[in-house]
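Quick note: residue numbers are just sequence positions, from 1. In listed order, ligands and their atoms are each counted from 1.
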Amino acid sequence: MDAAVAFLGELRRRLPALRLLTDEIDRESYRRDETAHFEPGLPLAVALPARVDEVAEIMRLATEYRVPVVPRGAGTGLSGGSAGVEGALTVALTRMNRILEIDRANLVAVVQPGVINADLKAAVAKEGLFYPPDPASYEACSIGGNIGTNAGGLCCVKYGVTRDAVLSLEVVLADGHVIRTGGRNVKDAAGYSLTQLFVGSQGTLGIVTEATLRLRPTPPPKRTLLAFFPTVEAAGRAVAAMTAAGLEPCTLELMDSVTIAAVDEWHGLGLDRSAAALLLIESDRPGAAAEQELAAAESACEAAGATSVVGATNAMEADWLRQVRRLAFRAMERLGVARMEDIGAPRSRLPELLGAIERIAAAHEVRCGTFGHAGDGNLHPTFVWDRGDHEAEERAQAACEELYRAAIALGGTVTGEHGIGATRRAFLEEQRGAEAVGVMRSIKAALDPLGLLNPGRVV
Ligand SMILES: Cc1cc2nc3c(=O)[nH]c(=O)nc-3n(C[C@H](O)[C@H](O)[C@H](O)COP(=O)(O)OP(=O)(O)OC[C@H]3O[C@@H](n4cnc5c(N)ncnc54)[C@H](O)[C@@H]3O)c2cc1C
């Protein structure tokens, strides 16, 4: 009998309550994540476990039958990390979506991986608490996927990325063993930091089935500024100046003219389309400290050549401005096939990175809109082409490769938060060096000697 058929038969026999999708139409709906330009494979089947013991049994059987497994959250990833692998079992953790505990005494939440980021934020907010990581996709993406990618977002510039918020994990290993890493301790120096190792490993080292996350008290309400610039480099210089001055806004986001126009076209917001770039700057310091921080930010913007700086007049307007930034990718997607890149550089070199994006997009004659987390030095140049225009797609590919090299040459990275996944593997060694990638491969081999977990991703 075909090994795959035998595997699925045994899976049904050992786990009769497991939700297992085998119809082609269901499998098709798990073929892609949000990486529109990546061509994935068709999953052999899709398992939707409800409990850790089901995940463990799936991995024991996968090991026995040598069937590869793709862990999957909400499928919003932008590096092909949870896209299908031909003949592999996709294990979607979306049904494991309970918030198990909000421990006020220790400022932690214990959650299953399928919890949606926005739902966790809302639940802890009711207790006067705050879970900082906030990808622009926060209403759709899951905590498991955020851990898988070490997701960032709009307030990382002050509060750090997902890795900074994870204290402990329950992980099912490739052979079905279940381990716990970390605990509820804020300080913990016992042994290697396995928690941090699993965060960002994109499902290649284990399947996360529970996470203990660090919470903070709710910060004061935000004050918001919008600054418009005549060139993107000027906006970059303002960001570099704010960083050098030691300002710590909780949001420092950039949108260029192409992105401003795309969002404005969609929602008719009356944004200044003559500007080459805008910065969205927010402070959540208490009372007068926020005013002082924003006044210093305004001075930095003016010194860098800002043409106008305006403040949000009320909380609703500030929410709208944040929403404008969150809509950037969807607005670009309305123009054609959109490939969102994720390069980064040390913050002092942001003006050079912005210059490189403009130069490279022009040289390859590709349409590109840039937005992103400028305060982290992390930008999302997004290339757009008409569906079916393969020449434009190839030019975009060439532009991306040149961009990666430009970022590396600036001491930067080919991915700030979306991960190497399936789409950037060719550049991991160029950025990290052969020896460092060799160490990564040894870790992978130690934890997953048969190479069953998310093959073809990351290393
Ligand atoms: C409009 C839009 C805006 C976005 N904005 C941001 C942003 O601001 N910041 C940002 O960082 N990202 C952003 N993203 C990308 C994406 O939302 C994040 O990468 C997110 O973390 C993915 O979560 P997910 O639940 O969709 O995971 P998936 O896409 O399903 O999976 C992501 C990776 O994690 C692995 N994985 C999933 N669950 C588990 C698990 N339980 N155990 C082990 N591995 C697992 C998968 O194998 C895969 O490699 C955006 C995406 C879109 C479409």
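With hydrogens and angles left out, the side-chain atoms of His373 and Glu253 include a donor and acceptor closer than 3.5 Å. Using modelled atom types and a 3.5 Å distance limit, the side chains of Ser29 and Asp26 yield no donor-acceptor pair.
Of the protein's non-hydrogen atoms, Gly148 CA, 3.5 Å is the one closest to atom 34 (O) of ligand 1. Taking atom 9 (N) of ligand 1 as the reference point, the nearest protein heavy-atom neighbour is Glu417 OE2, 2.9 Å. For atom 20 (C) of ligand 1, the nearest non-hydrogen atom of the protein is Asn146 ND2, 3.5 Å. Given atom 22 (C) of ligand 1, the protein heavy atom at minimum distance is Thr76 OG1, 3.4 Å. Closest to atom 27 (O) of ligand 1, if we only count protein heavy atoms, is Gly145 CA, 3.2 Å. What sits closest to atom 47 (O) of ligand 1 on the protein, heavy atoms only, is Pro71 O, 2.6 Å. The protein heavy-atom contact nearest to atom 14 (N) of ligand 1 is Ser137 OG, 3.6 Å. Scanning the protein for heavy atoms near atom 13 (C) of ligand 1, the closest one is His418 NE2, 3.7 Å.
Between Pro113 and Ile147 the shortest side-chain heavy-atom distance does not fall below 4.5 Å.
Test Arg424, Gln431, Glu430, Arg432 against Leu428 for side-chain contact (heavy atoms from CB on, under 4.5 Å) and you get one pass: Arg432.
At least one heavy atom of Gly152 sits under 4.0 Å from some atom of ligand 1. Within the structure, ligand 1 lacks Asp33 among the residues with a heavy atom less than 4.0 angstrom away. Ligand 1 lies within reach of Gly206, whose nearest heavy atom is under 4.0 Å from it.
At a 4.0 Å heavy-atom cut-off, ligand 1 does not touch Arg326 at all. With a 4.0 Å heavy-atom cut-off, ligand 1 is reached by the side chain of Pro113 but not by its N, CA, C or O. By the criterion of a heavy-atom distance under 4.0 Å, neither the backbone nor the side chain of Leu154 is placed next to ligand 1. At a heavy-atom cutoff of 4.0 Å, ligand 1 is contacted by the side chain of His373 but not by its backbone.
The existence of a salt bridge linking Glu282 and Lys158 is excluded, since no basic side-chain nitrogen approaches an acidic carboxylate oxygen closer than 4.0 Å. Under 4.0 Å is where a charged nitrogen must lie from a carboxylate oxygen, and between Glu352 and Arg349 at least one such pair does.
The shortest heavy-atom contact between Leu89 and Ala47 is CD1-N, 4.1 Å. Residues Ala88 and Val70 approach most closely at CB-CG2, 4.1 Å, considering heavy atoms. For the residue pair Leu226 and Leu321, the shortest heavy atom distance occurs at CD2-CD2, 3.5 Å. Across every non-hydrogen atom of Ala396 and Trp385, the tightest pair is CB-CZ3, 3.6 Å.
Within the listing of ligand 1, atoms 43 (C), 44 (N) sit less than 4.0 angstrom from a heavy atom of Gly203.
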